[in-house]
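To start, the structure under review is shown below, and the notes come after it.
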Amino acid sequence: MTEEQSYTTEEISKLLKISKLTVYDLIKKGDLVAYRVGKQMRIDATDLEAYKRRSKQLQSPTGQRSTSIHPLGSVPVTESIDSSKPLTAPLDDHSNASSRLTSDAPSLIRGDSSVSHAARHVVITGQDVSLDILMRHMEKHSRDIRPLRSFMGSLDGLISMYRGESDLVSTHLLDGDTGEYNLPYIRKILIGWSYVVVNLLSRPAGLYVHRGNPFGLQGWADLDQPDLRLANREKGSGARVLLDEQLRLHGIPSSRLIGYNLEETSHMGVAAKISSGEADVGIGIEKAARLVGQVDFIPLTQERYDLVMLKKPGNEMWTDSVLRILQSSEFRQELQSFEGYDVSRTGEILYEV
């Protein structure tokens, strides 16, 4: 039997006539299925064809949409759905609320297709690579759960948890008035729920500028310069909240920033706009600046990246497992391999209701 053909991200970018950054963004959002071989990402030919078919369906004049829930590294299953009706996709026969994917939620990606069909689904929201590592450890330590990724922003993640659509939410939301991360938002949104907040990591956040920092930006107040072009994040993301809070605190009207209403859905997308010269400044984390190139990073704050888990009957099995993973030396050592990640408080319970 011949081995199935696969492509590198560079080959995919040439085949689809898009940039490598766009390829990475498609993978990050779950639109394009990929797997890692050593340090290299690979995309199978069948997964590329499946992505192209879904793209054609989405652009179909019939008005139909498609959605998929699939194992990482396998061919997604697509189904056409009437766009005039609410979009839902049952994950299994369980009746828990997190077993439904709503029309305004990003696609979910499962990590391991070998997990039993009867396993309990755990929906994890967020985009950071640390969540991929956590998901892998969860699969390794328990065959009774099936982690699913939903690539939504921090605020949307908390709202989805309040609605009962998510089980484990990652968040990095700054409250400008108190200087506190996450807890002010969690307390306001998860009214009536019992939950635990535990630290995942801390990381520097700040400004992306073009190499050499031609505008001389050194702090939030410098965003008040005239004719400054911004590459912004989507509403509900931690980076967007950070920017909006700093603009409010420094009395800078958002209308002063050219491009404020134009949104990118990832740190990589923002950094790419700076690199290409389409924007002068953006908000994000250091890692994306390194990956893109031609972008300097100016750290302005150390943001706390926390996890929120609901405390309700049936959750104890997997929440206890997640806490053990976060507090293990093995998990911390793996996170420490990423420059800029502070794991000094990883696994620490910060708040509990």
Side-chain angles (χ1 to χ4, degrees), residues 28 30 33 35-36 67-74 76-77 88-102 105-152 154 156-158 160-171 190 193-201 305-332 334-335 346-349 352-353:
K28 190 70 175 175
V33 181
Y35 57 94
R36 190 176 295 278
T67 185
S68 62
I69 301 174
H70 52 83
L72 185 61
S74 67
V77 179
T88 59
L91 302 180
D92 63 7
D93 295 330
H94 296 299
S95 60
N96 56 304
S98 64
S99 297
R100 313 285 302 176
L101 174 63
T102 62
S107 59
L108 302 176
I109 301 180
R110 184 168 71 242
D112 185 357
S113 58
S114 65
V115 180
S116 166
H117 179 73
R120 184 354 181 140
H121 290 131
V122 176
V123 178
I124 304 171
T125 71
Q127 300 183 6
D128 195 80
V129 67
S130 58
L131 298 173
D132 298 319
I133 299 171
L134 175 60
M135 184 167 147
R136 179 160 47 79
H137 279 264
M138 291 171 67
E139 291 167 344
K140 175 182 175 182
H141 287 88
S142 176
R143 310 303 292 178
D144 298 322
I145 60 174
R146 181 182 298 168
L148 301 168
R149 287 289 302 280
S150 179
F151 294 89
M152 65 176 67
S154 296
D156 289 339
L158 288 174
S160 74
M161 174 170 273
Y162 178 79
R163 291 172 175 168
E165 298 164 354
S166 300
D167 302 292
L168 194 158
V169 167
S170 65
T171 177
L190 296 183
W193 286 99
S194 295
Y195 54 86
V196 59
V197 182
V198 58
N199 180 245
L200 178 57
L201 54 89
Y305 197 50
D306 297 334
L307 299 177
V308 188
M309 297 181 286
L310 291 182
K311 295 169 59 180
K312 60 182 182 179
N315 278 15
E316 297 87 350
M317 177 269 295
W318 68 264
T319 55
D320 290 347
S321 176
V322 169
L323 282 173
R324 286 194 297 271
I325 292 169
L326 294 174
Q327 294 167 358
S328 69
S329 57
E330 179 185 5
F331 181 75
R332 289 189 182 192
E334 197 161 352
L335 286 188
T346 298
E348 179 182 339
I349 295 177
E352 191 168 5
V353 177

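What you see is a predicted model, and the numbers here were worked out from it, not measured in a lab. For this chain, numbers begin at 1 and follow the sequence in order.
Side chains of S170 and Y305: a donor-acceptor N/O pair is present below 3.5 angstrom, by distance only.
L200 CG to F331 CZ: the interatomic distance, rounded to the nearest 0.5 Å, is 5.0 Å. Taking CE from M138 and CG from D144, the interatomic distance works out to 12.0 Å, rounded to the nearest 0.5 Å. Separation of atoms CG (N199) and CG (L201) is listed at 6.5 Å; rounding is to 0.5 Å. Atom CG of L148 sits about 9.0 Å away from atom OG of S150, to the nearest 0.5 Å. Once rounded to the nearest 0.5 Å, the distance linking CD1 of I145 with CE of M135 reads 10.0 Å. Here M161 contributes atom CE and D167 contributes atom CG; the two are 6.5 Å apart, rounded to the nearest 0.5 Å.
Residues passing the salt bridge (Lys or Arg N to Asp or Glu O under 4.0 Å) test with R324, sequence neighbours excluded: none. For the side chain to side chain donor-acceptor pair (under 3.5 Å) test, no residue two or more places apart in sequence or in another chain qualifies with S154. Under the rule for a side-chain contact (heavy atoms from CB on, under 4.5 Å), the partners of N315 that lie at least two apart in sequence or sit in another chain are R120, L310, K312, W318, T319. Listed by chain and number, the residues in a salt bridge (Lys or Arg N to Asp or Glu O under 4.0 Å) with E330 are K140 (sequence neighbours excluded). Residues passing the side-chain contact (heavy atoms from CB on, under 4.5 Å) test with E348 are R345, L350, sequence neighbours excluded. Evaluation of the salt bridge (Lys or Arg N to Asp or Glu O under 4.0 Å) rule for D128 yields R203 as partners, not counting sequence neighbours.
Contact check on E352 versus K311 returns a salt bridge, with a Lys/Arg side-chain nitrogen under 4.0 Å from an Asp/Glu carboxylate oxygen.
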* Determine, stepwise, if the pair V123 / E165 fulfils side chain to side chain contact (heavy atoms under 4.5 Å, CB included). => CA-CA 8 Å; V123 178; E165 298 164 354; over 6 Å; no

* Check the pair L307, V197 against side chain to side chain contact (heavy atoms under 4.5 Å, CB included), reporting the backbone distance first and the verdict last. => CA-CA 6 Å; L307 299 177; V197 182; over 6 Å; no

* Passes side chain to side chain contact (heavy atoms under 4.5 Å, CB included), V308 versus L158? Steps please. -> CA-CA 8 Å; V308 188; L158 288 174; 4.1 Å; yes

* Decide yes or no on side chain to side chain contact (heavy atoms under 4.5 Å, CB included) for H137 and I133, but give the supporting numbers first. => CA-CA 6 Å; H137 279 264; I133 299 171; 3.7 Å; yes

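In plain terms, the two heavy atoms of G157 and T125 that are nearest each other are CA-OG1, 3.8 Å. R149 approaches G126 most closely through the heavy-atom pair NH2-O, 2.8 Å. Listed here is the closest heavy atom pair of W193 and Y162: NE1-O, 3.3 Å.
For the pair I349/V196, a side-chain contact is recorded, criterion being any heavy-atom separation below 4.5 Å from C-beta on. Contact of the R136 side chain with the H141 side chain is not registered, since no non-hydrogen atoms from C-beta on lie closer than 4.5 Å. Between V322 and M309 there is a side-chain heavy-atom pair separated by less than 4.5 Å.
With R332 contributing its side chain and Q327 its backbone, the two residues share no donor-acceptor pair below 3.5 Å. Not one N or O on the side chain of S166 forms a donor-acceptor pair closer than 3.5 Å with the backbone of L168.
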